[in-house]
Amino acid sequence: MSAVVVRGVGRSFGDRRVLRDIDLTVEAGEFLVIVGQSGCGKSTLLRALGGLDAGHVGDVAVDGRVAFGFQDARLLPWARVWQNVVFGVKGSKQELRRQAVAVLAEVGLERHADAWPATLSGGEAQRVALARALTRDPSVLLLDEPFGALDALTRLKMQSLVNGLWRERGFAVVLVTHDVEEAILLADRIAVLDRGIVADRLEVDLERPRSRTDERFEALRVRVLEDLGVSDVDATLSARDDARVPA
């Protein structure tokens, strides 16, 4: 059963054609990662999948509820953490708080239910945003570079959290990222976007949890980098720069 079906999707902004004839299928419970260089159309495609951009041509069909996670946690500063989690959900205050605390427990933040967003770290804010998405009980979770602004250690923890929630809840995930290793660590399949088209599709047939030292992991990494037109040396230097970003 397919969770997402995309056929012939294109998108233009004025004279600039961002997406061209995109065909993709995401099966129920599958983890698809979309990688590509900046400006290749990754986020534009994700917005089309989530119904946030009606300006595309072609067909997008999503089976079930969709929840969205962004690079910016987008929390309301005047609302408590638990209120952010259930924002837009109907119900009594008591019931909504109970729901919020339950889902916050899934991301390890139940003790922060009554905190203000300004008191949270970047990783904690992203976990609240993830909890907000989980409250919708999605069939499809769309994530647009949600770890991009985090330091290297926090990003690893968030990757592990998302992987665990995906395995436990069984929803389909479509994750957009520029991080090739992140893609291989998490994905069942990887779609490489280049200048608005799907340039390559790769099955990630590796046991979980995955090790970066696995020869098959390295072979996939090299292939994706080649698809992206990036040398291994350039990628190594970029990874070292990311690791220096302070918490």
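The structure displayed is predicted, hence computed values, not measured ones.
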In terms of side-chain geometry, is the basic nitrogen of [X] or [Y] positioned less than 4.0 Å from the acidic oxygen of its partner?
X: Arg223; Y: Glu226; answer: no
X: Arg189; Y: Glu27; answer: no
X: Arg97; Y: Asp114; answer: yes

If hydrophobic clusters are built from ILVMFWY residues whose side chains come within less than 4.5 Å, do [X] and [Y] share one?
X: Phe87; Y: Leu104; answer: no
X: Leu45; Y: Val176; answer: yes
X: Val204; Y: Leu228; answer: yes
X: Val33; Y: Ile22; answer: no
X: Leu161; Y: Leu156; answer: no

Testing the basics here: between [X] and [Y], what is the closest heavy-atom pair and its distance to 0.1 Å?
X: Leu206; Y: Arg216; result: CD2-CB, 3.4 Å
X: Lys42; Y: Val35; result: CD-C, 3.6 Å
X: His112; Y: Leu120; result: CD2-CD2, 3.8 Å
X: Ala125; Y: Ala73; result: O-CB, 3.5 Å

For this session: Determine whether Val103 and Val86 make a side-chain contact, defined as any pair of heavy atoms from C-beta on separated by less than 4.5 Å.
Result: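 A side-chain contact under 4.5 Å is absent here.
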Exercise. If we only count heavy atoms from C-beta on, is the Val4 to Glu30 side-chain gap below 4.5 Å?
Worked result: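 Side-chain contact under 4.5 Å: no.
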[Y] backbone acceptor or donor facing [X] side chain under 3.5 Å:
X: Glu124; Y: Ser121; value: yes
X: Gln126; Y: Pro146; value: yes
X: Arg65; Y: Arg136; value: yes
X: Trp166; Y: Phe171; value: yes

Exercise. Side chains of Arg7 and Thr25: is there a donor and an acceptor less than 3.5 Å apart?
Worked result: yes
Exercise. Would Asp151 and Thr154 count as having a side-chain donor-acceptor pair, cut-off 3.5 Å?
Worked result: yes
For this session: Step through the shown structure and confirm whether more than 12 heavy atoms of other residues, nucleotides or ligands are within 6.0 Å of CZ on Arg212.
Result: yes
Would you give the length of the straight line joining atom [atom1] of [X] to atom [atom2] of [Y], rounded to the nearest 0.5 angstrom?
X: Arg201; Y: Ile190; atom1: CZ; atom2: CD1; result: 13.0 Å
X: Arg210; Y: Ile184; atom1: CZ; atom2: CD1; result: 9.0 Å
X: Lys157; Y: Gln159; atom1: NZ; atom2: CD; result: 12.5 Å
X: Glu145; Y: Asp179; atom1: CD; atom2: CG; result: 9.5 Å
X: Asp53; Y: Ser43; atom1: CG; atom2: OG; result: 11.5 Å
X: Thr177; Y: Leu186; atom1: OG1; atom2: CG; result: 8.5 Å

Problem set entry | Candidate list Leu52, Leu46, Val174, Ile34, test side chain to side chain contact (heavy atoms under 4.5 Å, CB included), partner Asp144, passing option | Leu46
Problem set entry | Candidate pair Glu95 and Gln99, rule side chain to side chain contact (heavy atoms under 4.5 Å, CB included), full reasoning | CA-CA 6 Å; Glu95 175 59 20; Gln99 291 180 27; 3.2 Å; yes
Problem set entry | Cation-pi geometry met for Arg11 and Phe13 (6.0 Å, 45°) |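 Flagged: Arg11 positioned over aromatic ring of Phe13.
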For this session: Kindly state each residue pair satisfying ring-ring contact (aromatic ring centres under 6.0 Å, His included) with at least one member in residues 38-70, sequence neighbours excluded.
Result: Phe68-Phe70
Problem set entry | Residue pair Val192, Val198: steps toward the side chain to side chain contact (heavy atoms under 4.5 Å, CB included) verdict | CA-CA 6 Å; Val192 181; Val198 179; over 6 Å; no
Exercise. After noting the C-alpha distance and the side-chain angles of Leu142 and Val66, does the key distance pass the side chain to side chain contact (heavy atoms under 4.5 Å, CB included) rule?
Worked result: CA-CA 7 Å; Leu142 305 177; Val66 176; 3.6 Å; yes
